[in-house]
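Have a look at the structure below before the remarks.
Both ligands and their constituent atoms are indexed starting at 1 by order of listing. Owing to the predicted nature of the structure, the values given are computational and were not obtained by experimental measurement.
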Amino acid sequence: MSVEAIKKSCVGCGACEEVCPGGLIRISGGKAVIDRPELCWGCASCIKECPNGALRLYISPDAGGLGGRLGATQAGEKIKWTAYLADGREVVVVTDSRESNKY
Ligand code: SF4
Ligand code: SF4
């Protein structure tokens, strides 16, 4: 799996760097850089923590079409996950972070 950093949306806050369990993200020139994308196992922690929606996780071609991506935004305890499918559709699922270990 791998993550895309959207440079124009990144404010260089470092939240993604801090949360990545594999240490795969670093801040360079005020922007997030995915250092070793081939080692990403798709935990989605970085996209969940990004305050600006600047990270997207590539999803399986079978699920989202080639180039489909998953983004996330948080509002309090609610996390809004948006799958941006290759055909232009957007599919939204909202979860509650207090129940995240339930799924
Ligand atoms: S999805 Fe997980 S492993 Fe991959 S870059 Fe983000 S935090 Fe790191
Ligand atoms: S958490 Fe988001 S805004 Fe902050 S450095 Fe990472 S990609 Fe940029």
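Each of the following atoms of ligand 2 lies closer than 4.0 Å to a heavy atom of L55: 7 (S). For ligand 1, the atoms sitting less than 4.0 Å from at least one non-hydrogen atom of P21 are 7 (S), numbered in the order shown with element in parentheses.
Taken from CD in E4 to CG in L55, the straight-line distance is 9.0 Å, to the nearest 0.5 Å. Here I79 contributes atom CD1 and T73 contributes atom OG1; the two are 9.5 Å apart, rounded to the nearest 0.5 Å. Note that CD of E90 is 10.5 Å distant from CG of D87, once rounded to the nearest 0.5 Å.
Between E77 and S97, the side chains place a donor N or O and an acceptor N or O closer than 3.5 Å (distance only, hydrogens not considered). Side-chain atoms of R69 and Y58 form a donor-acceptor pair, as typed in the model, at a separation below 3.5 Å.
Counting heavy atoms from C-beta outward, C43 and P21 have side chains that approach closer than 4.5 Å. Between L24 and P37, every side-chain heavy-atom pair lies at or beyond the 4.5 Å cut-off. Side-chain atoms of K48 and W81, non-hydrogen and from C-beta on, do get closer than 4.5 Å to each other.
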task = Determine, stepwise, if the pair N52 / C10 fulfils side-chain contact (heavy atoms from CB on, under 4.5 Å).
result = CA-CA 7 Å; N52 252 30; C10 176; over 6 Å; no
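Listed by chain and number, the protein N, O or S atoms at a distance under 2.8 Å from atom 4 (Fe) of ligand 2 are C13 SG. Residue-and-atom listing of protein N/O/S atoms under 2.8 Å from atom 4 (Fe) of ligand 1, sorted by chain and number: C40 SG.
More than 12 heavy-atom neighbours from other residues, nucleotides or ligands sit within 6.0 angstrom of CD on Q74.
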